[in-house]
Every structure is written in structure tokens, then in C-alpha cells.
Asker: 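There's a structure below that I have some questions on.
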Amino acid sequence: MSSFFNAIKNLLTAYHIDKSSTGEIIEPKILKGEYKGLWSVRIQPTVNGKRTSITKRAKTKLEAQKLEIDLKVKYAGYKNGLPSITDESKFLVEYTKYVEKKAQSITATTNRSWSYSLTLLNEYLKKNETDIQLKDIDQHFFNDFAHWYIKNHPKASVKKSTVIDVTLAHFRAFFTFLLDKAVLNINPIPRSYLKLFFRQSDFSTGRKWHLFSKDEVAALRKELLKEYKSSTVANSVSKLALLVDTYLGLRPEELQVLKFDQLVKYEGSYTFKIDNSWSEKDKKPNGSLKDRPKGAYRYCLPIKNNEIIDLIKEFQIKQKKYLDEYGLKNTSGYIFLNLHNYRSISSNNQLPVTQGSLNDKLKDVCSKAGIEKQENSVLALYSLRVYLSSLLGNDNRISNMYACQRMGNTIQVFLSTYVKENRESYKQNSQLWSC
């Protein structure tokens with residue numbers, strides 16, 4: 001008889017009932033059916049003035065008690081209505097809203113990247129026939145997503161700044177936003193996600209820019225100057241652009257929209273004060289520098305060679321005279337205006353020289369100057385940026401903060417992406433070594 005009463009007593013202690021407030025109930029272990037072996041937690045909070053029943057399940061009684069507390073805290077703030085987003089919201093729906101909102105504050109180029117991440121998510125969820133809620137997403141979901149992308153895109157690779165890296169970075173930013181809103185407690189995408197999701201052997205070495213030596217840059221400048229002086233005004237634009245960039249190391253989109261009135265004297269030297277960049281795809285200015293708010297500006301590296309400054313000022317006069325002959329005006333103020341495109345010059349959207357033509361001209365001039373690109377490297381405008389960044393980064397007299405401000409990078413990006421050991425110091429180290 002005592003064993004019967006003990007059984008009743010144990011069953012009663014398995015319940016926790018408090019109907020006087022919100023009706024929270026932890027029910028005993030489920031003995032059959034789909035949820036056999038689990039503990040059921042039911043709360044009855046007031047939402048929008050109405051009593052609502054919420055049921056969840058846990059593996060153990062202890063987890064059930066913790067879940068009950070979490071649910072109380074969560075729904076305590078919902079008396080005046082549910083928030084616009086909860087952990088039960090659909091991932092695809094909320095990410096779509098986030099990307100659409102994000103589009104209002106980023107450039108068209110950056111927006112294409114965000115939009116593509118949304119396209120990939122749509123494809124992945126459709127393939128797996130799932131409409132997953134935010135609360136059900138974990139690290140394994142994105143691990144599977146990353147491997148699905150690499151498997152289904154033969155040209156894709158695993159390395160920094162690739163599509164999969166940028167896409168996962170976008171997702172991580174979205175979940176960081178949810179953490180700030182207290183929608184979730186953990187970001188399902190960890191830091192260093194590529195290293196956690198892929199084996200080291202899955203990574204590719206990445207694109208390697210040709211790293212100029214000082215002698216090669218001297219030869220390049222000499223050849224550019226010679227060709228510039230022997231060219232017509234219309235044919236000298238790309239040569240002057242490349243010559244100027246050997247001193248500035250600008251991003252191609254920044255170089256394209258340099259203006260005559262941006263040439264200023266700052267801290268005792270001539271430089272450019274820039275505040276815009278060019279969208280090659282949209283064929284119009286972005287309205288701001290890369291990853292900077294509209295109106296933000298920066299001073300570029302100082303140009304200590306007065307001959308280059310004189311060339312720019314002289315070219316302004318030559319360009320005006322050339323346009324006057326055709327009854328045209330440089331309304332954009334661009335130094336490197338495409339003088340072969342009369343239609344664009346006469347329109348409201350004047351076009352600068354293209355990045356493609358600048359890269360082609362650089363390769364052509366390097367060939368004439370006897371400069372051979374390094375094995376498995378890419379020779380392009382960015383090679384000049386890497387060269388100057390490496391000079392800055394390897395000069396102990398110059399602070400990294402100064403270099404970052406003038407080149408327009410964060411310290412992390414500047415050091416990890418652009419600063420390489422220059423070829424002169426590498427050769428010196430090899431000569432100094434003995435064993």
C-alpha cells in the first residue's frame with residue numbers, strides 16, 4: 001500500500017502549477033506518441049489583451065523548468081503586442097526584409113552582393129523544401145549551406161573575399177542584428193567560419209597581385225612619361241592616369257573620377273582630396289567612397305614630384321582647348337574624361353576612361369618597359385596599390401594609422417591584404433642569411 005502512495009506522491013511532484021498568474025504548467029514525461037520521453041511545458045500568457053496558449057517540449061525535467069522561466073521572461077514583454085520579429089519568424093522572410101532595408105544605406109555595387117546572398121538562400125531553401133524558422137537555425141545549417149554552394153558552383157573557391165566568404169559575412173551581420181534586438185541568444189555563424197566549415201586542403205591560394213620592384217616602377221614611369229608626351233590629347237588620358245596612380249595607388253574606381261579641383265596643397269605637399277568613386281557596371285558615380293558615408297572624404301598620398309603636378313595643370317589647359325574645338329565642355333570636372341566618347345561628353349552623364357582600358361594600357365606599357373609579371377600573378381591597377389601599400393607598411397618611419405588614412409583602409413585590411421614584404425628587402429634578407 002505504501003508503494004502505491006509513493007507513486008502518487010512522485011506523480012504529483014512532477015507537476016508545477018501556478019494558474020493564479022499566467023497558467024504555467026510543466027507536464028510529466030510523455031509516455032507515447034511522437035514526443036515520447038520528452039517533458040511538455042505549457043504557458044498561457046496574455047498577448048494583445050487575450051490569453052494565448054504556448055506549448056514547448058524539453059528532454060529533461062530540469063531543461064523544462066529552465067524553458068518555463070525563459071518563456072515567462074520572453075512573453076512578459078508581449079502584453080502590448082508581439083514584436084515585428086521573433087525567434088519563430090521565418091528566416092527567408094526576415095532576411096528579405098533586412099536586405100531590402102540595407103539597400104537604402106549601401107552602394108549599388110554592395111547591394112548586388114547582398115541581393116545575391118538572398119538569391120542563394122532562396123535556392124538552397126527551395127532545394128531542401130524547407131521554410132525554416134530563426135530559432136531552428138544553427139551552425140550546421142550554414143556549414144551545409146557553404147558546402148552546397150561550393151559543390152554546385154564548379155568555379156567557386158574557398159578563400160578570403162570570395163562569394164562564399166562574403167555571403168556568410170552578410171548572414172553573420174544579419175544574425176548580429178538579431179542578437180542586438182534580443183531575438184536570439186547565439187549567432188549561428190561563428191567567427192572564422194571558413195576555417196571551421198572547411199578543411200585546410202579545401203582552401204585555394206587566392207589571387208596574387210604582381211608586386212612591382214622600385215626599379216620596375218621607375219622604368220614604368222619613364223615609359224609612361226615618354227608615351228604621354230608623344231601622344232595626342234585624346235590618346236594621352238590613360239597614360240596620364242597610370243602615371244598619376246604610380247604615386248597615389250588609388251582604387252581603380254577612385255582614380256577614374258579624380259577631378260581637377262580636387263588637387264590641393266595639404267601639409268606642405270600637393271595631393272588629391274577625394275570623396276567619390278565610379279560604378280563601372282552602372283556607369284555613374286557611386287556618390288561616396290567605398291564603405292564611407294556620403295560626403296566623407298580623404299586625402300591621398302602626397303605627390304612630391306612637381307613634374308607630375310605640372311603635367312596635370314598643363315593637361316587641364318590642353319583638355320579644355322581640345323573640347324572647345326568641338327564645342328564641348330567638361331561639366332563633370334574629371335581629369336581622365338574619355339575624350340573619344342563625344343556622346344557621353346555632350347550628355348549629363350560624362351564617362352571617364354574605363355578600368356579595362358587602364359588595365360590593358362598598363363600591361364602594354366609594362367611590356368614595352370621590359371617588365372615581366374611574376375609567375376601565377378595578376379598584373380593590373382591594383383598592383384600599383386599593393387606596391388605603394390607595401391612601401392608604406394615596411395617603412396618604420398611611417399605609422400600604420402597614417403598609411404591607412406591615406407590609402408582608405410582599416411588597419412586590419414591594410415596589413416592583411418595589401419602589405420607584402422617588398423622585393424628589395426626580401427632579396428637583402430636572402431643575402432644576409434648564412435648557415
Asker: Under the criterion side-chain contact (heavy atoms from CB on, under 4.5 Å), I'd like the reasoning laid out for S269 against K304: C-alpha separation, chi angles, the key distance, then a yes or no.
Answerer: CA-CA 7 Å; S269 300; K304 300 294 183 72; 3.1 Å; yes
Asker: Heavy atoms only: give me the nearest N276-G287 pair and the separation to one decimal.
Answerer: OD1-N, 2.8 Å
Asker: Looking at side-chain heavy atoms only, is the closest gap between K61 and Q65 below 4.5 Å?
Answerer: yes
Asker: Determine yes or no for a side-chain-to-main-chain donor-acceptor pair under 3.5 angstrom, with S346 supplying the side chain and Y342 the backbone.
Answerer: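 Yes: the side chain of S346 pairs with the backbone of Y342.
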Asker: State which residues pass side chain to side chain donor-acceptor pair (under 3.5 Å) with S357; sequence neighbours excluded, sorted by chain then number.
Answerer: T354
Asker: Return each pair, listed once, that meets salt bridge (Lys or Arg N to Asp or Glu O under 4.0 Å) where at least one residue sits in residues 383-412; pairs must be two or more places apart or across chains.
Answerer: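 Counting only pairs at least two positions apart or across chains, the salt bridge (Lys or Arg N to Asp or Glu O under 4.0 Å) contacts touching residues 383-412 are E267-R406, D395-R397.
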Asker: Are the side chain of D138 and the backbone of F141 linked by a donor-acceptor contact shorter than 3.5 Å?
Answerer: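 Side chain of D138 to backbone of F141: a pair is present.
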Asker: Identify the heavy atoms of C300 and T271 that sit nearest to each other, and give their distance.
Answerer: O-OG1, 2.8 Å
Asker: Return the set of residues passing ring pair (Phe, Tyr, Trp, His ring centres under 6.0 Å) with Y266 (not counting sequence neighbours), or none when no residue passes.
Answerer: Y299
Asker: Show the nearest heavy-atom pair for residues I150 and A156, with the distance to one decimal.
Answerer: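 In terms of heavy atoms, the two residues are closest at CD1-CB, 4.0 Å.
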Asker: Is any side-chain heavy atom of F272 closer than 4.5 Å to a side-chain heavy atom of V264?
Answerer: no
Asker: Regarding H210 and E216, do their side chains bring together a donor and an acceptor under 3.5 Å, going by distance alone?
Answerer: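 A pair is found: one side chain offers a donor N or O, the other an acceptor, under 3.5 Å apart.
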Asker: Of the non-hydrogen atoms in I164 and A146, which two are nearest, and what is the gap between them?
Answerer: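 I164 and A146 have their closest heavy atoms at CD1-CA, 3.8 Å.
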Asker: Run Y35 and S40 through side-chain contact (heavy atoms from CB on, under 4.5 Å) and show every step you take.
Answerer: CA-CA 9 Å; Y35 301 107; S40 184; over 6 Å; no
Asker: Can you measure from NZ (K283) to CG (L351) and round to the nearest 0.5 angstrom?
Answerer: 6.5 Å
Asker: Judged by atom type as modelled, is there a donor-acceptor pair below 3.5 Å linking the side chain of S192 to the main-chain atoms of K195?
Answerer: no
Asker: Could you pull out all residues at least two apart from S399 that satisfy side chain to side chain contact (heavy atoms under 4.5 Å, CB included)?
Answerer: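 S399: side chain to side chain contact (heavy atoms under 4.5 Å, CB included) contacts with M401, Y402.
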Asker: Going by heavy atoms in the side chains, are D275 and S288 under 4.5 Å from each other?
Answerer: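 No, side chains not in contact.
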Asker: Can you run down the side chain to side chain donor-acceptor pair (under 3.5 Å) pairs that involve residues 146-160, sequence neighbours left out, and say none if there aren't any?
Answerer: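 Checked against side chain to side chain donor-acceptor pair (under 3.5 Å) - neighbours excluded - the pairs reaching residues 146-160 are N143-H147, K160-S416.
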Asker: Side chains of residues 174-189: which donor-acceptor partners sit under 3.5 Å, not counting sequence neighbours?
Answerer:
from, atom 1, to, atom 2, distance (Å)
T176, OG1, R172, O, 2.8
T176, OG1, N187, ND2, 3.2
N187, OD1, I189, N, 3.0
N187, ND2, R172, O, 3.3

Asker: Passes side-chain contact (heavy atoms from CB on, under 4.5 Å), L92 versus L118? Steps please.
Answerer: CA-CA 8 Å; L92 182 59; L118 179 58; 4.0 Å; yes
Asker: List the residues meeting side chain to side chain donor-acceptor pair (under 3.5 Å) with S332, not counting sequence neighbours, and say none if there are none.
Answerer: N330, Q350
Asker: Supply the atom-to-atom distance K135 NZ to F91 CZ, rounded to the nearest 0.5 angstrom.
Answerer: 16.0 Å
Asker: My understanding is that only residues two or more places apart in sequence, or in another chain, count here; which of them pass side chain to side chain contact (heavy atoms under 4.5 Å, CB included) with T167?
Answerer: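 Per chain and number, T167 pairs via side chain to side chain contact (heavy atoms under 4.5 Å, CB included) with S117, L120, F145, V163, F171.
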Asker: What is the distance from atom OH of Y95 to atom CG of L134, rounded to the nearest 0.5 Å?
Answerer: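 Those atoms lie 12.5 Å apart.
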Asker: Report the relative orientation of the aromatic rings in F197 and Y193; use parallel for angles under 30°, tilted for 30 to 60°, perpendicular for over 60°.
Answerer: tilted
Asker: Does anything in residues 340-361 form a salt bridge (Lys or Arg N to Asp or Glu O under 4.0 Å)? List the pairs, not counting sequence neighbours.
Answerer: K361-D364
Asker: Filter on salt bridge (Lys or Arg N to Asp or Glu O under 4.0 Å), then keep only pairs touching residues 107-130, sequence neighbours left out; what's left?
Answerer: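 Pairs touching residues 107-130 that pass the test: R112-D282.
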Asker: Contact between L194 and F203 at the side-chain level, heavy atoms closer than 4.5 Å - yes or no?
Answerer: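 The answer is yes; the side chains approach within 4.5 Å.
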Asker: Quick one: pull up OH in Y387 and CG in L392 and give me the separation to the nearest 0.5 Å.
Answerer: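 Spacing of OH (Y387) from CG (L392) equals 10.5 Å.
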Asker: How long is the straight-line distance from CG of D261 back to NZ of K273, given to the nearest 0.5 Å?
Answerer: 10.5 Å
Asker: In sequence, state the C-alpha distance, the side-chain angles, and the governing distance for T130 and Y124, and then conclude on side-chain contact (heavy atoms from CB on, under 4.5 Å).
Answerer: CA-CA 9 Å; T130 181; Y124 181 70; over 6 Å; no
Asker: Counting C-beta onward and ignoring hydrogens, is there a side-chain heavy-atom pair between K208 and N376 closer than 4.5 Å?
Answerer: no
Asker: Ignoring hydrogens and angles, write down the donor-acceptor pairs under 3.5 Å from the side chains of residues 245-260, residues two or more places apart or on other chains.
Answerer:
from, atom 1, to, atom 2, distance (Å)
D245, OD1, G249, N, 3.4
D245, OD1, L250, N, 2.8
T246, OG1, R221, NE, 3.1
T246, OG1, L243, O, 2.6
Y247, OH, N305, ND2, 2.9
R251, NH1, E254, OE2, 2.8
R251, NH2, G408, O, 2.8
E254, OE1, R251, N, 3.2
E254, OE1, R298, NH2, 3.0
E254, OE2, R298, NH1, 2.9
Q256, OE1, Q355, NE2, 3.0
Q256, NE2, E280, OE1, 2.9
Q256, NE2, V353, O, 2.9

Asker: Using modelled atom types and a 3.5 Å cut-off, is there a donor and acceptor pairing between side-chain atoms of S377 and backbone atoms of K373?
Answerer: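 No; zero donor-acceptor contacts below 3.5 Å.
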Asker: Excluding sequence neighbours, so at least two apart, what forms ring pair (Phe, Tyr, Trp, His ring centres under 6.0 Å) with W114?
Answerer: Y98, H170
Asker: Taking the side chain as C-beta and beyond, is there a heavy-atom pair between L379 and C366 under 4.5 Å?
Answerer: yes
Asker: Do the non-hydrogen side-chain atoms of I132 and L125 ever get within less than 4.5 Å of each other?
Answerer: yes
Asker: What pair of heavy atoms forms the shortest contact from G393 to N400, and how long is it?
Answerer: CA-OD1, 4.5 Å
Asker: Mind checking whether T55 and V41 have side chains closer than 4.5 Å, heavy atoms only?
Answerer: no
Asker: Could you grab the distance from atom OG of S105 to atom CG of N111, nearest 0.5 Å is fine?
Answerer: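 Those atoms lie 9.0 Å apart.
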